[in-house]
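Let me begin by presenting the structure, written as structure tokens, before commenting on it.
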Amino acid sequence: KTLGALLIGWAVTRGLLDIDADITSAYGVPSPRPYPVTARQLMSQAVAGLHGPGESWLYDAGGTFWLNALPEVFWKATGRRPSAVWQEQFAGPLGLSESFKWQGVDWTWAAGSLGTCRDYSRLGQLMLNRGRWPGVAEPIVSEDYVRQMHTPQTKYGPYANYSNPCYGLLTWLNTNPHSDRGSRRYPGQCRFWPEECWLPAGSAPNVYVASGIMGQTIMVVPDHNLVVVSMGSTPDDNPVMRVMYEGVCMMFPSDCSVPIQTAPYFAV
């Protein structure tokens, strides 16, 4: 999903797509909800309620509720296939391996990419670099857009709270470490965020994650200029983010203000 957000960011950076425009009136894409929606609202996934964005949040795991509208929005806004842009603007410049595949990129961004650990590390590095890549003169994605990706995006009037303060633009956030509550700045309750996946107390609130199925995960840790990747195949993938950060704590012990629980998930 986060890779789709990067594609949208490429178009936004070039002025080809307005993520705050009604997708129907601006791009001719029917709303998947019973009310008008924008690309930002779809990427925030805060469109589960019946009355408007921000009422309720739901994780559209398979893309069939609303996320599969985004490739069409991209196509209509830019006049280009997402697959062509991905290859030319991301896979090529980042040096992704020949084995990297994203066969469904033209119609679904819910899942489907397949690559090496180094491939996903490079994508994490692009985000850590705030959208820039060595040897590429212009940002692939603007710094402002990358910031929006890892800032809570799930509050829309008239609702006072964020419907999920642990979610940005198709990106998971560590808004209030070791908690499923938001913060004073981003009030609300985190959804789809069970205790076993909470990052340790002491971890930084600016950590963010691209979380894939079966624990295939990219974690960006800006305070340590660090990207961590999990390539496992873990049916119970909720603890994976926590376990990944426990590895960070082994390098930076001050990041964990409570003892880490390594067993049975983490082995050195």
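None of the values given here were measured: they were computed from a predicted structure.
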* **Under-4.0 Å salt bridge between E143 and R147** => no

* To do: List in chain and number order the residues that pass side chain to side chain contact (heavy atoms under 4.5 Å, CB included) with N129, two or more places apart in sequence or in another chain; answer none if no residue qualifies.
  => Q125, W133, P134

* To do: Would you indicate whether E196, at its atom CD, is surrounded by more than 12 heavy atoms from other residues, nucleotides or ligands within a distance under 6.0 Å?
  => yes

* By salt bridge (Lys or Arg N to Asp or Glu O under 4.0 Å) - contacts of R185 (at least two apart) -> none

* Donor + acceptor pair across side chains of N164, T154 (<3.5 Å) -> no

* Examine L58 and I213 and state if one hydrophobic cluster contains both, with Ile, Leu, Val, Met, Phe, Trp and Tyr joined whenever side-chain heavy atoms are less than 4.5 Å apart. => no

* Tell me, please, which residues at least two apart from H51 pass ring-ring contact (aromatic ring centres under 6.0 Å, His included). => none

* Can you name the residues that form a ring-ring contact (aromatic ring centres under 6.0 Å, His included) with F74, not counting sequence neighbours? -> none

* **N161: side chain to side chain contact (heavy atoms under 4.5 Å, CB included) partners, not counting sequence neighbours** => P187

* For S44 against Q153, the heavy-atom pair lying closest together -> CB-O, 3.3 Å

* Are N174 and N206 linked by a side-chain donor-acceptor pair shorter than 3.5 Å? -> no

* **Those residues that, when tested against S31, pass side-chain hydrogen bond (donor to acceptor under 3.5 Å, both in side chains) (two or more places apart)** => none

* **Pairing residues for F65 by the ring-ring contact (aromatic ring centres under 6.0 Å, His included) criterion, not counting sequence neighbours** => none

* Asked: In terms of heavy-atom contacts, does CZ of R118 have more than 12 from other residues, nucleotides or ligands at under 6.0 Å?
  -> no

* Kindly check if the number of other-residue, nucleotide or ligand heavy atoms within 6.0 Å of OH (Y59) is above 12? => yes

* Asked: Partners of S230 by side chain to side chain contact (heavy atoms under 4.5 Å, CB included), sequence neighbours excluded?
  -> T217, V240, M244

Distance-only donor-acceptor hits, side chain of residues 85-96, under 3.5 Å, sequence neighbours excluded:
from, atom 1, to, atom 2, distance (Å)
E88, OE1, R80, NH1, 3.3
E88, OE1, R80, NH2, 2.5
E88, OE2, R80, NH2, 3.0
Q89, OE1, W10, NE1, 3.4

* Donor-acceptor pair between S97 and D119 side chains, under 3.5 angstrom -> yes

* Listed by chain and number, what are the side chain to side chain contact (heavy atoms under 4.5 Å, CB included) partners of A111, not counting sequence neighbours? -> none

* Looking at side-chain heavy atoms only, is the closest gap between F100 and S113 below 4.5 Å? -> yes

* **Any residue meeting ring-ring contact (aromatic ring centres under 6.0 Å, His included) with Y167, in chain and number order, not counting sequence neighbours** => W57, W172

* Any side-chain donor near an acceptor of the partner, R33 and Q41, under 3.5 Å -> no

* Asked: Just by distance, with hydrogens left out, do E72 and W107 show a side-chain donor and acceptor under 3.5 Å apart?
  -> no

* **Non-hydrogen atoms of V29 and A69 that approach each other most closely** => CG1-O, 4.2 Å

* Are T108 and N68 linked by a side-chain donor-acceptor pair shorter than 3.5 Å? -> yes

* Structure fact -> In short, disulfide bond (SG atoms under 2.5 Å apart) pairs touching residues 102-184 with sequence neighbours left out are C166-C190

